[in-house]
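Nothing here was measured: the structure is a model prediction, and the numbers come from that model. A note on names: the letters A, B, ... follow the listed sequences, proteins ahead of strands, and every chain is numbered from 1.
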Number of protein chains: 2
Amino acid sequence: MGLTRTEIFTKEQNELAILLKAMAHPARVAILQHIIASKTCICGDLVDELGLAQATISQHLKELKNAGLIQGTIEGVSVCYCINPENWEKLKNQLNLFLGGYVASASCC
Amino acid sequence: MGLTRTEIFTKEQNELAILLKAMAHPARVAILQHIIASKTCICGDLVDELGLAQATISQHLKELKNAGLIQGTIEGVSVCYCINPENWEKLKNQLNLFLGGYVASASCC
DNA sequence: ATTATTTATTGCAATATTACGATATATTTT
DNA sequence: AAAATATATCGTAATATTGCAATAAATAAT
């Protein structure tokens, strides 16, 4: 086999898994942190910042964009990326619901 | 290549990515939700609940356990799983820091 | 128009993940 | 001790991910 059986899970479970997967790589965590830290669009300083090839970073950016976590606009010869505010908020809410659903009680195991 | 170059990222970035990856599958989201919803240990009703083979579920449980998100104790012939309270708290804090680091401002792109 | 600059895409090799049947292990019941 | 029950592990096939060199595409500067 080798392919996730998405059809047996709920839409919510699949969507959350997709968002988590988009962030589940140290390079993509680093990219997001860099975008957040710079507090504005970043235009092409990622290749110098991280130690990965340009093609690799472009690929990671594409995945983040596909997941809707970031957005980019062409700015002359370069492309500027920033967080997608709506989706970031949605993700925060979904994760808060998911993670906050657990309330530590008397340990059972 | 095909293997993540962890050495070029920080310990924090790698650890967060590992935790996110552990959750980044609909089956594992479903397993965690089921454990949380039942509010106590669950002992082997996952195979009936989800539509996956026993071997597959055992594998997913192992990954969640390796990541430290759940813990299990042998209870007679079956094994009971529950959330690992300390690590769950840690994950919540790390994610809040990460996700909360972004504050929506005047959109730039 | 040519050259430089920046990002995207393609192609490919190495590795990882997903799923499951078969089988092993471990405990309880008979 | 043998059978039943529950979980783990092994082996394997199918698919996905990661990384990069090479190349394409698109705009800016000369």
Side-chain angles (χ1 to χ4, degrees), chain A residues 1-9 13-14 17-31 34-35 41-67 69-82 109, chain B residues 1-9 13-14 17-31 34-35 41-67 69-82 109:
Chain A
M1 314 272 142
L3 82 171
T4 300
R5 292 187 49 195
T6 53
E7 76 278 5
I8 65 171
F9 303 107
Q13 288 164 343
N14 283 313
I18 285 171
L19 286 174
L20 290 169
K21 193 147 121 188
M23 297 191 294
H25 189 287
R28 295 196 288 273
V29 169
I31 289 173
H34 190 76
I35 293 181
C41 314
I42 53 159
C43 308
D45 42 336
L46 282 168
V47 178
D48 312 314
E49 213 68 34
L50 312 181
L52 289 170
Q54 182 267 323
T56 308
I57 289 178
S58 183
Q59 213 172 243
H60 282 305
L61 285 168
K62 192 180 174 184
E63 279 184 71
L64 289 171
K65 207 162 56 175
N66 282 345
L69 293 173
I70 63 173
Q71 59 195 197
T73 50
I74 299 168
E75 203 77 44
V77 82
S78 60
V79 177
C80 292
Y81 287 103
C82 63
C109 10
Chain B
M1 312 276 141
L3 83 171
T4 299
R5 293 188 48 193
T6 54
E7 76 279 3
I8 65 171
F9 303 106
Q13 288 165 342
N14 283 312
I18 286 171
L19 287 174
L20 290 170
K21 195 149 121 185
M23 298 190 295
H25 190 286
R28 296 197 287 275
V29 169
I31 289 173
H34 190 76
I35 294 181
C41 314
I42 54 157
C43 309
D45 41 335
L46 282 168
V47 179
D48 312 313
E49 213 66 34
L50 312 181
L52 289 170
Q54 182 267 323
T56 307
I57 288 178
S58 184
Q59 212 172 243
H60 282 305
L61 285 168
K62 192 180 174 186
E63 279 184 72
L64 289 171
K65 207 163 56 176
N66 283 345
L69 293 174
I70 62 172
Q71 60 194 196
T73 49
I74 299 167
E75 204 78 43
V77 82
S78 59
V79 177
C80 292
Y81 287 103
C82 63
C109 8

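- The shortest distance between the side-chain N/O atoms of K21(B) and the OP1/OP2 oxygens of dT17(D) is not below 4.0 Å.
- With contacts defined as side-chain heavy-atom distances shorter than 4.5 Å, the pair L61(A)/L46(A) qualifies.
- S78(A) comes within 4.0 angstrom of the backbone, heavy atoms only, and of no base.
- Relative ring orientation between F9(A) and H25(B) is described as perpendicular, the plane-to-plane angle rising above 60° on a 0-90° scale split at 30° and 60°.
- Counting heavy atoms from C-beta on, the side chains of S58(A) and K62(A) never come closer than 4.5 Å.
- Between Q71(B) and T73(B) the shortest side-chain heavy-atom distance does not fall below 4.5 Å.
- Counting heavy atoms from C-beta outward, I8(A) and L50(B) have side chains that stay 4.5 Å or more apart.
- Atom pair L46(A):CG and dG19(D):C1' shows a separation of 16 Å (rounding to whole Å applied).
- For the pair L64(A) CG and dT17(D) C1', the interatomic distance rounds to 14 Å; values are reported in whole Å.
- dA19(C) atom C1' lies 12 Å from atom CZ of R28(B), rounded to whole Å.
- With DNA chain D read from its 5' end, the first of the two nearest nucleotides for G44(B) and T4(B) is the one closest to G44(B).
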**OP:** List the protein contact pattern of nucleotides 22-30 of chain C with one symbol per nucleotide (5' to 3'): B for base contact, S for sugar-phosphate-only contact, - for none; contact means a heavy-atom distance under 4.0 Å.
**Re:** B----BS--
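- In this structure, the CD atom of E49(B) is 13 Å from the P atom of dT7(D), given to the nearest Å.
- A close approach under 4.0 Å does occur between a side-chain nitrogen or oxygen of S58(B) and OP1 or OP2 of dA8(D).
- A close approach under 4.0 Å does occur between a side-chain nitrogen or oxygen of H25(A) and OP1 or OP2 of dG19(D).
- Regarding L50(A), its CG atom lies at a distance of 14 Å from the C1' atom of dG19(D), rounded to whole Å.
- For K65(B), taking side-chain heavy atoms from C-beta onward, the closest of the listed nucleotides dC20(D), dA8(C), dA8(D) is dA8(D).
- Looking at every heavy atom in both residues, A22(A) comes nearest to A67(A) through CB-CB, 3.5 Å.
- I57(B) places its CD1 atom 12 Å from the P atom of dG21(C), with the value rounded to the nearest Å.
- Taking the nucleotide of DNA chain C with the nearest heavy atom to each of D45(A) and R5(A), the more 5' of the two is matched to D45(A).
- Y81(A) has no side-chain polar atom (N or O) that falls below the 4.0 Å cut-off from OP1 or OP2 of dT6(C).
- For E7(A) and dT18(C), the CD to P distance is 15 Å, given to the nearest whole Å.
- When the C1' atom of dA16(D) is taken as reference, atom CD1 of I18(A) falls 14 Å away, rounded to whole Å.
- Here the CD1-CD1 distance, from I35(B) to I42(B), works out to 4.5 Å after rounding to the nearest 0.5 Å.
- Checked by atom type and distance alone, the side chain of R28(B) pairs as donor or acceptor with a backbone atom of K21(B) at under 3.5 Å.
- Side-chain atoms of Q59(B) and base atoms of dA19(C) include a donor and an acceptor less than 3.5 Å apart.
- Look at H60(B) and you won't find any side-chain N or O under 4.0 angstrom from OP1 or OP2 of dT17(C).
- Listed nucleotides dC20(D), dC20(C), dA8(D) differ in distance to V79(B); the shortest reach to its side chain belongs to dA8(D).
- For the pair K62(B) and dT7(D), the criterion of a side-chain N or O lying under 4.0 Å from OP1 or OP2 is not met.
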